[in-house]
Amino acid sequence: MPAERLPMRQVREVLRLKYACGHSERRIAAALGISRYTVAEYLRRATVIGLTWPVPPELDDAALERKLFTPPGFIAAETLRPQPDWARIHAELRRPGVTLLLLWEEYRAGQPEGYGYSRFCDLYAAWRGRLSPTMRQSHPLGERLFVDYAGQTVEVVDAVTGEVRAAHIFVAALGASNLTYAEARWSQGLADWLGCHVNTFAFLGGVTRQVVCDNLKAGVTTVCRYEPGINRSYQDLAMHYGTAIVPTRVRKPRDKAKVEVAVQLVQRWVLARLRQRRFFSLAELNAAIGELIEVLNDRPMRHLGSSRRSLFEASERDALLPLPAEPYVYAEWRRCRAGIDYHVELLVRETIEARITEQTVELFHRGARIACHIHSPLRGRHTTIPEHMPSSHRRYADWTPARLMNEAAIIGPATAALVEQILHAKPHPEQGFRACLGILRLVRAWGAERVEAACQRGIDIGARSYSSIVSILRNNLDRAYRPQSVPDEPPVQHSNIRGGRYYH
């Protein structure tokens, strides 16, 4: 029996060429592109059931197949055999070390007249296929782009230090044409994730209407089947390109079967070919990946007979949305609070939102942009626009340099001197407000006498900061600067008190 049945259309053609045209089995095999053994087998089966040409019109393809391949009594014998408990077998296969062969041996031990191993496997496969039918997804042209990271990484060696780092492989595939893109990145963080999307759209020369992604933490903040939460920067990218982010369901890899297959292809056709090479930079690795991706996209697909590139150029390219005038620039959103010195920090006062790119820092309050600054390359330092720092503190008019000096003078001259030095050390006095306020409020915990002594020590050693004064107080370093108490009364004289001379 042939390993795979011919379509009934070809079986009819075999009968026609044999009985109507009189061709030999060899010529029939050559004409239909099948083996001579297959032709002989079908003719033998037709002879057994008395079938020649023309085939009776009442025999449709299903009836013809039943007559050719169902011997008399086969159905009755099939139903009389003891049926395995397929649900139990399916559950047993999930246990470690349990195989279908072992379960068949146990089945035959209890049912000697049962199925053979081959038929047993076929029946189980048919039963399992009815458990969860897979919906065949249709992908309209230009509709969906599937994205994900491959599980495999590639080692990159630092040419200077010799350090070996793992590069992660991003993979994207179009739904209709299967055109594939891959790129190496140092991480799966948000910046790299969005950068890969930008490069993918540039590679395609257009934008799909949907981007189907996995529930990667960098892109999806809240995993939910019905209302997933999208990272704000990721949503900004979608708005910039006019597309929509559609996360897949959790633990449903069939939702992104396209990219799962693309990941497998990239691992087999790209990364496997690079396994013997050593790379010394990410750019060198991406150049090698790009060359092999071009080969993969130009390679004909067996089931379609054409390449991914030809399908894309013929149909899907024109269906993509146009690219915007400028590519998306990565921006990170942070929730911040504005301090009383007109700089943004994370803890105090009014809540605002900062949109941070490589070039700018934009501040938003209740959706309205209230300021825009050039992103300074200096880390850990304030940057100030003079126009944003009036000499009088408009928003917090009560706290002025004069009031700070007055409050410090109440504690003592050393505190006043230290506050004055802090205010004069800043380009704008308002920048030192919080340090001065912190020093003044130390009185609540340590008392005015100790704060005054700590400020005096701070002036002497050049420690003019809030943290320095706190350290002096915590370590009791202000002790030498405290005023010494003088007894108001002479020492008590008593016969039971020995006095200081007793110990000499």
Side-chain angles (χ1 to χ4, degrees), residues 1-8 10-11 34-35 37-38 41-42 44-45 48-49 60-139 146 148-152 173 212 214-215 223-226 247-268 272 301-303:
M1 176 61 198
E4 184 176 348
R5 293 180 182 178
L6 292 178
M8 292 300 103
Q10 280 193 303
V11 174
I34 57 180
S35 70
Y37 166 76
T38 301
E41 175 65 19
Y42 279 99
R44 183 189 68 79
R45 287 176 174 268
V48 169
I49 62 175
D60 57 10
D61 286 354
L64 177 60
E65 186 172 12
R66 283 195 301 269
K67 288 182 70 67
L68 286 172
F69 296 99
T70 306
F74 179 81
I75 297 178
E78 183 85 356
T79 56
L80 291 176
R81 288 188 178 183
Q83 296 296 312
D85 185 357
W86 299 119
R88 186 190 66 81
I89 290 173
H90 185 69
E92 288 292 323
L93 282 174
R94 297 185 179 183
R95 296 187 178 185
V98 178
T99 64
L100 203 57
L101 176 61
L102 174 62
L103 295 174
W104 173 77
E105 291 174 348
E106 295 175 352
Y107 161 73
R108 284 300 295 264
Q111 302 291 342
E113 299 299 322
Y115 297 110
Y117 178 66
S118 178
R119 183 60 178 165
F120 182 86
C121 293
D122 291 342
L123 291 175
Y124 172 72
W127 179 89
R128 185 182 57 184
R130 296 192 295 268
L131 288 180
S132 178
T134 302
M135 181 184 69
R136 182 172 294 275
Q137 301 181 17
S138 60
H139 303 290
F146 295 84
D148 200 2
Y149 275 104
Q152 186 177 343
V212 181
D214 199 359
N215 290 276
V223 178
C224 178
R225 178 174 182 175
Y226 304 103
T248 60
R249 296 173 296 172
V250 181
R251 292 186 292 274
K252 296 293 183 181
R254 291 175 179 175
D255 287 359
K256 54 184 179 69
K258 283 285 183 179
V259 75
E260 293 287 344
V261 174
V263 165
Q264 188 180 66
L265 283 173
V266 169
Q267 291 178 339
R268 293 179 178 178
M301 295 181 286
R302 287 182 299 175
H303 62 289

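Quantities reported herein were computed from a predicted structural model and do not represent experimental measurements.
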Sequence neighbours excluded, the answer for ring pair (Phe, Tyr, Trp, His ring centres under 6.0 Å) partners of Tyr124 is none
### Salt bridge Arg108-Glu105, side-chain N to carboxylate O under 4.0 Å
no
Open item on the list: Quick one, Phe146 and Asp214 - any side-chain contact, counting heavy atoms below 4.5 Å?
Closed with: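 Phe146 vs Asp214: side chains apart.
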Do Asp61 and Val11 have side-chain heavy atoms sitting under 4.5 Å apart?
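Sidechains of Val11 and Asp61: no contact.
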What's the separation between atom [atom1] in [X] and atom [atom2] in [Y], rounded to the nearest 0.5 Å?
X: Asp122; Y: Tyr117; atom1: CG; atom2: OH; value: 10.5 Å
X: Arg44; Y: Tyr42; atom1: CZ; atom2: OH; value: 11.5 Å
X: Trp104; Y: Tyr115; atom1: CH2; atom2: OH; value: 14.0 Å
X: Asp60; Y: Leu64; atom1: CG; atom2: CG; value: 8.5 Å
X: Leu6; Y: Thr38; atom1: CG; atom2: OG1; value: 6.0 Å
X: Glu106; Y: Arg88; atom1: CD; atom2: CZ; value: 6.5 Å

_With Asp85 via side chain to side chain donor-acceptor pair (under 3.5 Å) - residues at least two apart_ =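 Testing Asp85 for side chain to side chain donor-acceptor pair (under 3.5 Å), a comparison that skips the adjacent residues, returns none.
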_Testing the basics here: between Gly151 and Gln267, what is the closest heavy-atom pair and its distance to 0.1 Å?_
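Looking at all heavy atoms of both residues, the shortest contact is N-NE2, 3.6 Å.
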